[in-house]
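Count residues from 1 along the sequence. Whatever order the structure lists ligands and atoms in, that order sets their numbers, starting from 1.
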Amino acid sequence: MNPYESHPARILEVKDLTPREKLFTLRFLDEKLNEEFTFRPGQFVIVDVPGFGEFPISLCSSPTRSPIQLCIRKAGRMTKFIHGMKEGSVVGIRGPYGNGFPMEDMEGSNLILVAGGLGMAPLRSVLWYALDTGRYEHVWLFYGTKAYEDILFRDEVLHLLKHGSAMNCTVKLAYEIESPSCIYLEQGFSDRVCRGVVTDLFRGENFDIENSYALICGPPIMYRFVIRELLNRKLSPGRIYMTLERRMRCGVGKCGHCVVGTSVSMKYICQDGPVFTYWDALSTRGLI
Ligand SMILES: Cc1cc2nc3c(=O)[nH]c(=O)nc-3n(C[C@H](O)[C@H](O)[C@H](O)COP(=O)(O)OP(=O)(O)OC[C@H]3O[C@@H](n4cnc5c(N)ncnc54)[C@H](O)[C@@H]3O)c2cc1C
Ligand code: FES
């Protein structure tokens, strides 16, 4: 697939995940492309809405499964427009772009996935890749949302909360706003569901830190607290991966729109990222 070219893809299904986010399932019109298209968890595509413009979106499906899926929050003009599009409509897709998570390097280790809100979208790709391939020791998913209604991929997450241990997976959920659904969940899973923030979910967990990697995606405020927790537990900065978002235009390192840092260390988020280690953040001004 030529990554610079936009390829038409049909929207097969549109599913409401929450009042703000919809899940789009897409299939390229070119059958050969459907067979050839592959990516790493953490990579993104640029969606081209004919006559409207383009915007970057993380692939939230796993490369082990097809067709591709995108979880899109209604944020502004273009995402509002695509939310109004119906099944059968055609959009353009170019990519995949960015580095993604180094899944091969982490094989045989524990993965600690820490998601906040919409950050669950790229981490869902990691989660299913890890569970489908079975190449990782144990997978933890710590997921914080404002309310029960905001839990993305709720059916999947609740299924793994109940049955994850059979797949070497532990899911823990934190919510901020109380509701009958949360109280009910907390009664059933008092060791894994709590009212609070995502860092509260680390309580009571003892990781084999030497053999673990953390993968974080969420709102900017979350990074500081999660990183502090991980460093306190002596996880090396090079084993902490974060996926970062910036305003982007071209997605291929040409326009300079997403550049951060100084002449000492300069990064193109679209090409060098969007996945960075905490080491990168320490050496590049403005990265987080
Ligand atoms: C690598 C990458 C991956 C992304 N993955 C996803 C995803 O999986 N799902 C998803 O819903 N969104 C994702 N986004 C954000 C998405 O690209 C923006 O929400 C979208 O471009 C907004 O377009 P718009 O025309 O609807 O909104 P605009 O009218 O352009 O903006 C509306 C609001 O959204 C904010 N906004 C716009 N772009 C961004 C951005 N990049 N980061 C944070 N805030 C932004 C603006 O500041 C404004 O407040 C990703 C962005 C990047 C860079
Ligand atoms: S978005 Fe154009 S250089 Fe990164």
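- With hydrogens and angles ignored, the 3.5 Å screen pairs no side-chain donor or acceptor of Y143 with any backbone N or O of V198.
- With hydrogens left out, the protein atom closest to atom 8 (O) of ligand 1 is S58 N, 3.2 Å, a heavy atom.
- The residue from H257, E54, E245 that puts a heavy atom closest to atom 51 (C) of ligand 1 is E245.
- Atoms of ligand 2 lying under 4.0 Å from at least one heavy atom of R249, given by number and element, are 1 (S).
- Distances from atom 4 (Fe) of ligand 2 show that H257 has no N/O/S atom below 2.8 Å.
- Here the options are S66, S61, S62, the test is side-chain contact (heavy atoms from CB on, under 4.5 Å), and the partner is T64; only S62 passes.
- If you check which protein heavy atom lies closest to atom 4 (Fe) of ligand 2, you get C258 SG, 2.3 Å.
- By the 4.0 Å N-to-carboxylate-O rule, E156 lies close enough to R124 to be salt-bridged with it.
- The protein non-hydrogen atom at the shortest distance from atom 47 (O) of ligand 1 is R247 NH2, 3.4 Å.
- Atoms of ligand 1 found under 4.0 Å from any heavy atom of F44, numbered from 1 in the order shown, are 1 (C).
- For ligand 1 and R246, the ligand atoms under 4.0 Å from any heavy atom of the residue are 41 (N), 53 (C).
- In this structure, the side chain of T79 engages the main chain of G76 through a donor-acceptor pair within 3.5 Å.
- Atoms of ligand 2 lying under 4.0 Å from any heavy atom of C270, numbered from 1 in the order shown and given with element: 1 (S), 3 (S), 4 (Fe).
- In the vicinity of G76, heavy-atom distances shorter than 4.0 Å reach the ligand 1 atoms 24 (P), 26 (O), 27 (O), 29 (O), 32 (C).
- Distances between N or O atoms of P274 and those of ligand 1 include no value under 3.5 Å.
- The single protein non-hydrogen atom nearest to atom 21 (O) of ligand 1 is F55 CB, 3.3 Å, given as residue, atom name and distance.
- Within the 4.0 Å cut-off (strictly below), no protein heavy atom is located near atom 44 (N) of ligand 1.
- Of all the atoms in ligand 1, the ones that sit under 4.0 Å from a non-hydrogen atom of I72 are 11 (O).
- For C250, the nearest N, O or S atom to atom 2 (Fe) of ligand 2 falls under 2.8 Å.
- Side-chain rings of Y175 and Y148 stay apart, their centers remaining 6.0 Å or farther from each other.
- Under the 6.0 Å cut-off for aromatic ring centres, F28 and F37 qualify, their centroids lying closer than that.
- At a heavy-atom distance under 4.0 Å, no atom of I269 approaches ligand 1.
- The shortest N or O to N or O distance between A75 and ligand 1 is not below 3.5 Å.
- Residue, atom and distance of the protein heavy atom nearest to atom 26 (O) of ligand 1 are T79 OG1, 2.4 Å.
- Within a 4.0 Å radius of atom 18 (C) of ligand 1, the protein has no heavy atom.
- Of the protein's heavy atoms, C71 O, 3.6 Å lies nearest to atom 7 (C) of ligand 1.
- In terms of polar-atom proximity, defined here as any N/O pair under 3.5 Å, M248 makes no such contact with ligand 1.
- By the criterion of side-chain heavy atoms lying less than 4.5 angstrom apart, applied directly or through intervening Ile, Leu, Val, Met, Phe, Trp or Tyr residues, F276 is grouped together with M248 in one hydrophobic cluster.
- Summarising the local packing, CZ of R65 is surrounded by more than 12 heavy atoms from other residues, nucleotides or ligands at distances under 6.0 Å.
- By the criterion of a heavy-atom distance under 4.0 Å, the backbone of K254, and not its side chain, is placed next to ligand 2.
- Within ligand 2, the atoms closer than 4.0 Å to a non-hydrogen atom of C255 are 1 (S), 2 (Fe), 3 (S), numbered from 1 in the order shown.
- With respect to atom 16 (C) of ligand 1, the closest heavy atom belonging to the protein is P56 O, 3.5 Å.
- Within the 4.0 Å cut-off (strictly below), a protein heavy atom is located near atom 34 (O) of ligand 1.
- Residues D280 and K267 have side chains in contact (heavy-atom distance under 4.5 Å, counting atoms from C-beta outward).
- No more than 12 heavy atoms of other residues, nucleotides or ligands shown are found within 6.0 angstrom of CD on E210.
- Among all protein heavy atoms, the one lying closest to atom 13 (C) of ligand 1 is I57 CD1, 3.6 Å.
- Between E13 and R27 there is no salt bridge, since no side-chain N of the basic residue sits under 4.0 Å from a carboxylate O of the acidic one.
- No continuous path of hydrophobic side-chain contacts links F101 to I216 [ILVMFWY only; heavy atoms under 4.5 Å].
- Atom CZ of R249 sits in a sparse spot, with 12 or fewer heavy atoms from other residues, nucleotides or ligands closer than 6.0 Å.
- Nearest non-hydrogen protein atom to atom 3 (S) of ligand 2 is G256 N, 3.2 Å.
- When only non-hydrogen protein atoms are considered, atom 24 (P) of ligand 1 lies nearest to M78 N, 3.6 Å.
- The closest donor-acceptor contact from the side chain of H138 to the backbone of N168 lies under 3.5 Å.
- Side-chain contact between M103 and P41 is present, with at least one heavy-atom pair separated by less than 4.5 Å.
- In this structure, F39 places its CZ atom where more than 12 heavy-atom neighbours from other residues, nucleotides or ligands lie under 6.0 Å away.
- At a heavy-atom distance under 4.0 Å, no atom of E21 approaches ligand 1.
- Ring geometry, F207 versus F142: the interplanar angle falls from 30° to 60°, so the pair is classed tilted.
- The contact set between ligand 2 and G253, taken as ligand atoms under 4.0 Å from a residue heavy atom, comprises 3 (S).
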